[in-house]
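First comes the structure, then the notes that go with it.
Side chains included, hydrogens not; waters and symmetry mates left out as well; all remaining heavy atoms used.
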Amino acid sequence: QVQLVESGGGLVQPGGSLRLSCAASGFTFDLYAIGWFRHAPGNEREGVSCISGSDGNGRTYYADSVKGRFAISRDNAENTVYLQMNSLNPDDTAVYYCAAGYGSSWLALSALYEHGYDYWGQGIQVIVSS
């Protein structure tokens, strides 16, 4: 049974940091790219970041809105992907989802688009507020 479980969300003040984790099970983790998406009220779900699997050499992708503030990494031994989020601002408030997509050939054009992903977590809330 495939599972993706997000953790690490919560309430943080503007300028603060959080680290989200995505723990995966039920599939060959290192063959899958893992992406982070977020959905804020009134907005469409948007791609935030992605890290490729072993065949993509762990290449990373970021949305312009988070470049320089967020960092994605993966630990294949622990079947976990992390999203370090720094310099958070209220616009980062959203439900954050991790997702898994097989292979890497599609990433160059679609790393931050939903259609490439096969499995999704249930999401976790991040609130940036003073």
Side-chain angles (χ1 to χ4, degrees):
Q1 180 181 0
V2 172
Q3 278 195 312
L4 293 168
V5 180
E6 301 95 339
S7 62
L11 174 65
V12 63
Q13 291 188 340
S17 298
L18 282 176
R19 188 177 78 158
L20 303 183
S21 299
C22 173
S25 61
F27 59 97
T28 307
F29 182 75
D30 63 331
L31 297 182
Y32 282 72
I34 305 295
W36 284 97
F37 292 77
R38 65 186 182 186
H39 189 193
N43 293 343
E44 293 185 355
R45 188 157 60 180
E46 63 171 343
V48 173
S49 183
C50 170
I51 186 165
S52 71
S54 56
D55 65 338
N57 297 314
R59 183 173 179 174
T60 58
Y61 305 81
Y62 296 96
D64 288 343
S65 59
V66 306
K67 278 181 183 175
R69 300 189 298 122
F70 290 13
I72 192 170
S73 61
R74 67 189 295 158
D75 183 341
N76 287 337
E78 296 294 330
N79 285 8
T80 301
V81 167
Y82 302 98
L83 185 69
Q84 178 67 42
M85 306 187 296
N86 300 324
S87 302
L88 286 162
N89 61 66
D91 290 340
D92 297 314
T93 295
V95 177
Y96 284 71
Y97 300 86
C98 64
Y102 181 78
S104 64
S105 60
W106 53 280
L107 292 175
L109 295 178
S110 302
L112 300 182
Y113 293 91
E114 295 183 33
H115 60 79
Y117 293 85
D118 305 303
Y119 309 121
W120 290 82
Q122 81 286 352
I124 192 162
Q125 181 73 57
V126 171
I127 299 173
V128 184
S129 176
S130 55

Problem - Separation of Asp91 CG from Ser65 OG (nearest 0.5 Å) - result: 9.0 Å
Problem - Minimum heavy-atom distance Pro14-Ser130, with the two atoms named - result: CD-N, 3.6 Å
Problem - Shared hydrophobic cluster for Val81 and Leu112 (ILVMFWY, side-chain gaps under 4.5 Å) - result: no
Practice task
Give, for atom OH of Tyr82 and atom OG of Ser7, the distance between the pair rounded to the nearest 0.5 Å.
Solution key: 8.5 Å
Problem - Polar side-chain atom of Thr93 near backbone of Val128 as donor-acceptor pair, under 3.5 Å - result: yes
Problem - ILVMFWY cluster, Tyr97 and Val5 together (side-chain gap under 4.5 Å) - result: no
Practice task
Step by step, work out the side-chain contact (heavy atoms from CB on, under 4.5 Å) result for Val12 and Ser17.
Solution key: CA-CA 7 Å; Val12 63; Ser17 298; over 6 Å; no
Practice task
Drop me the distance from Phe27's CZ to Asp118's CG, to the nearest 0.5 angstrom.
Solution key: 9.0 Å
Exercise for the section: Kindly assign one of parallel, tilted or perpendicular to the pair Trp106 and Tyr117, based on the angle between their ring planes and the thresholds 30° and 60°. Expected result: perpendicular
Exercise for the section: Ignoring hydrogens and angles, tell me if any N or O in the side chain of Arg74 forms a donor-acceptor pair with the backbone of Phe29 under 3.5 Å. Expected result: yes
Problem - Ring geometry between Phe37 and Trp120 (parallel below 30°, tilted from 30 to 60°, perpendicular above 60°) - result: tilted
Problem - CZ-CG distance between Arg38 and Asn43, expressed to the nearest 0.5 angstrom - result: 9.0 Å
Problem - Distance in Å, Asp30 CG paired with Ser52 OG, rounded so as to fall on 0.5 Å steps - result: 11.0 Å
Handout entry: Connected via hydrophobic side-chain network under 4.5 Å: Ile34 and Val95
Key = no
Fill in the blank from the handout: Note: Asn89 and Arg69 closest approach over all heavy atoms is ND2-NH1, 3.5 Å
Practice task
Taking Thr80 for its side chain and Glu78 for its backbone only, find out whether a donor-acceptor pair lies under 3.5 Å.
Solution key: yes
Practice task
Determine yes or no for a side-chain-to-main-chain donor-acceptor pair under 3.5 angstrom, with Glu6 supplying the side chain and Cys98 the backbone.
Solution key: yes
Fill in the blank from the handout: The side chain to side chain contact (heavy atoms under 4.5 Å, CB included) partner of Met85 among Ile72, Val66, Leu18, Val48 is Leu18
Practice task
Taking salt bridge (charged side-chain N to carboxylate O under 4.0 Å, His left out) as the test, write out the residues that go with Arg59, two or more places apart.
Solution key: none
Exercise for the section: Grab the two heavy atoms, one from Ala99 and one from Leu4, that are nearest each other, plus how far apart they are. Expected result: CA-CD1, 3.8 Å
Completion exercise
Value for OH (Tyr62) from CD1 (Ile51), rounded to nearest 0.5 Å, stands at 7.0 Å
Handout entry: ILVMFWY network linking Leu107 to Leu31, side-chain heavy atoms under 4.5 angstrom
Key = no
Exercise for the section: Can you see which heavy atom on Ala111 is nearest to which on Cys50, and at what distance? Expected result: O-CB, 3.8 Å
Problem - Connected via hydrophobic side-chain network under 4.5 Å: Tyr32 and Tyr113 - result: no
Handout entry: Atom of Ile124, atom of Gly9 and distance for their closest heavy-atom approach
Key = CD1-N, 3.4 Å
Handout entry: Side-chain touch Gln84/Ser73, heavy atoms, less than 4.5 angstrom
Key = no
Problem - Main-chain N/O of Tyr61 paired to Ser49 side chain as donor or acceptor, under 3.5 Å - result: yes
